[in-house]
Amino acid sequence: MRYWLLKTEPECFGIRHLEAAPNQTTFWDGVRNYQARNMLRDDMKPGDRVLYYHSNADPSAVVGTAKVVRGGYPDHTAQDPKADHYDPKHTAMNPIWYVVDVKLDEVFPRELALDELRSVPALKSMELLKKGSRLSVMPVTKAEFDVVVKLAHKRVTAS
DNA sequence: GCCAACGTTGGC
DNA sequence: GCCAACGTTGGC
């Protein structure tokens with residue numbers, strides 16, 4: 001089993017959208033970057049765990065967890081000329097872009113904003129926290145995943 | 001809105 | 001295959 005971090009924008013497909021989706025499941029589409037595509041297509045398998053991250057948010061934060069329920073399969077939205085991420089080079093015969101299905105695990109009792117994550121020594125080498133890391137899919141270690149989940153459940157004491 | 005950090009494109 | 005120009009991402 002592997003561990004991942006997926007980025008969404010809260011207004012676009014935030015964790016509340018996932019929560020409201022039928023069966024709390026949706027396909028995670030719109031990736032148009034080859035490195036990220038390769039991970040979706042080749043590496044993400046049912047049962048993998050996912051940290052759900054909100055980017056361009058106030059504050060940007062990890063807000064919950066999800067599970068991969070279906071591994072990479074072609075992103076049909078790439079074939080829709082009206083879709084945001086339409087790509088004429090993508091066809092049913094020769095798909096370029098891929099999606100996975102994810103199902104909500106948990107909305108964290110509290111968000112873990114970037115600055116808080118940065119303050120945790122165990123997360124120092126987390127991909128998300130590296131300068132210039134822009135991929136919307138990135139691998140996370142089991143240790144990092146566990147630390148983040150634990151932290152989200154830790155009661156915050158007034159300082 | 002600024003800007004750094006990438007990725008992609010295309011001329012050569 | 002190099003590299004400049006351009007586009008996008010995303011934190012701030």
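Chain letters run A, B, ... following the sequence lines, proteins first, then strands; residues in each count from 1. Here the structure is a predicted model, which means the values were calculated and not measured.
Annotation: A:Tyr34 is in aromatic contact with A:Trp97 [ring centroid separation under 6.0 Å].
Rounded to whole Å, atom P of C:dG11 lies 13 Å from atom CE of A:Met126. The distance between atom CG of A:Leu128 and atom P of C:dT9, rounded to the nearest whole Å, is 16 Å. Nucleotide B:dA5 holds its P atom 16 Å from the CG atom of A:Leu135, rounded to whole Å. For the pair A:His85 NE2 and B:dT8 C1', the interatomic distance rounds to 17 Å; values are reported in whole Å. Regarding A:Arg32, its CZ atom lies at a distance of 15 Å from the C1' atom of B:dG7, rounded to whole Å. Between the NE2 atom of A:His54 and the P atom of C:dG11 there is a distance of 12 Å, given to the nearest Å. Rounded to whole Å, the distance from CG on A:Asp84 to C1' on C:dT9 is 15 Å. Distance CG (A:Asn56) to P (C:dT8): 14 Å, rounded to an integer number of Å.
In terms of phosphate contacts, A:Tyr53 brings no side-chain nitrogen or oxygen within less than 4.0 Å of OP1 or OP2 of C:dT9.
Among the heavy atoms of the strands lying under 4.0 Å from A:Arg118 are primed sugar atoms or P, OP1, OP2 only; no base atom is included.
A:Val149 and A:Leu112 fall within a single hydrophobic cluster, where Ile, Leu, Val, Met, Phe, Trp and Tyr are joined by side-chain heavy atoms under 4.5 Å apart, directly or via other members.
Shown are A:Arg32, A:Arg41, A:Arg37, A:His85; of these, the side-chain contact (heavy atoms from CB on, under 4.5 Å) with A:Asp75 is made only by A:Arg32.
Between B:dA4, B:dT8, C:dC12, one nucleotide has an atom nearer to the side chain of A:Lys131 than all others, and that is B:dA4. When the nucleotides B:dG7, C:dG10, C:dC12 are ranked by their closest atom to the side chain of A:Gln35, B:dG7 comes out on top.
With hydrogens and angles disregarded, no donor-acceptor distance shorter than 3.5 Å links the side chain of A:Asn23 to the backbone of A:Thr25.
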